[in-house]
Amino acid sequence: MRPALNDKQIHRMAWRIGRFRRLGMPEDRAEKLADRLADRDHDRDDRRVCAECVNLAQDGSCMPARQGRMRNVSRRFEPVQDLLQRCDHFDFAKPA
């Protein structure tokens with residue numbers, strides 16, 4: 001069990017919820033995912049979700065796949081946005 005969140009972690013969680021909502025996730029799903037990612041961060045798990053990645057397009061497609069940069073992956077690939085995984089093309093989306 002993780003301890004209470006500090007101000008920085010609360011800010012990160014709020015930003016994540018906002019990002020996930022902008023990607024079209026319902027509020028309850030966005031909040032659950034942000035909470036799950038706070039646990040992941042506390043556990044130092046190095047897996048990521050596509051919804052955190054700058055390469056996830058607004059239409060839900062993966063930019064590296066669409067550009068043909070991912071071997072053996074269709075250019076029409078639409079990733080499961082909330083699945084924890086490792087990806088060589090992952091890059092954190094950051095607040096503006």
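Hydrogens, waters and symmetry mates are skipped; everything else that's a heavy atom, side chains included, is used.
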Do any side-chain atoms of residues 89-96 form donor-acceptor pairs under 3.5 angstrom with protein atoms, and if so which ones, sequence neighbours left out?
| unit_1 | atom_1 | unit_2 | atom_2 | d |
| --- | --- | --- | --- | --- |
| His89 | NE2 | Arg69 | O | 3.4 |
| Lys94 | NZ | Phe92 | O | 3.3 |

Q) What pair of heavy atoms forms the shortest contact from Arg16 to Ala38, and how long is it? A) NH1-N, 3.8 Å
**Q.** Partners passing side chain to side chain contact (heavy atoms under 4.5 Å, CB included) against Asp43 (at least two apart in sequence or in another chain)
**A.** none
Q | 4.5 Å side-chain heavy-atom contact, Arg36 and Leu84 | A | yes
Q.
If you apply the rule side chain to side chain contact (heavy atoms under 4.5 Å, CB included), what do you find for Arg76 with Arg66, and how did you get there?
A. CA-CA 6 Å; Arg76 295 180 302 221; Arg66 192 174 1 176; over 6 Å; no
Q | Nearest heavy-atom neighbours spanning Met63 and Ala57 | A | SD-CB, 3.9 Å
Q: Please assess Cys87 against Met70 for the test side chain to side chain contact (heavy atoms under 4.5 Å, CB included), listing each intermediate value before the final yes or no.
A: CA-CA 10 Å; Cys87 177; Met70 294 179 79; 4.2 Å; yes
Q) Out of curiosity, does Ile10 fall in the hydrophobic cluster containing Ile17 (side-chain heavy atoms, cut-off under 4.5 Å, transitive links)? A) yes
Q.
Is any side-chain heavy atom of Leu23 closer than 4.5 Å to one of Leu56?
A. yes
Q: Could you tell me which non-hydrogen atom of Ser74 sits nearest to which non-hydrogen atom of Ala65, and how far apart they are?
A: O-CB, 3.7 Å
Q: Applying side chain to side chain contact (heavy atoms under 4.5 Å, CB included), name anything that partners Glu27, two or more places apart in sequence or on another chain.
A: Arg21, Glu31
Q: Report the residues that fulfil salt bridge (charged side-chain N to carboxylate O under 4.0 Å, His left out) with Arg48, sequence neighbours left out, ordered by chain and then residue number.
A: none
**Q.** Arg75: side chain to side chain contact (heavy atoms under 4.5 Å, CB included) partners, not counting sequence neighbours
**A.** none
Q: Give the minimum heavy-atom separation between Gly60 and Pro79, together with the two atoms involved.
A: O-CD, 3.2 Å
Q: Mind checking the CG-NE2 spacing from Leu5 to His11? Nearest 0.5 Å is all I need.
A: 13.5 Å
Q: Report the residues that fulfil side-chain hydrogen bond (donor to acceptor under 3.5 Å, both in side chains) with Asp46, sequence neighbours left out, ordered by chain and then residue number.
A: Arg86
(Q) Ignoring hydrogens, what is the shortest heavy-atom contact between Gln81 and Val49? Give both atom names and the distance. (A) O-CB, 3.3 Å
Q. Do the non-hydrogen side-chain atoms of His42 and Gln9 ever get within less than 4.5 Å of each other?
A. no
(Q) If we check side chain to side chain contact (heavy atoms under 4.5 Å, CB included) with Leu37, which of these qualifies: Glu52, Arg47, Met13? (A) Glu52
Q. For the residue pair Met25 and Leu33, what are the closest heavy atoms and their distance?
A. CE-CD2, 3.5 Å
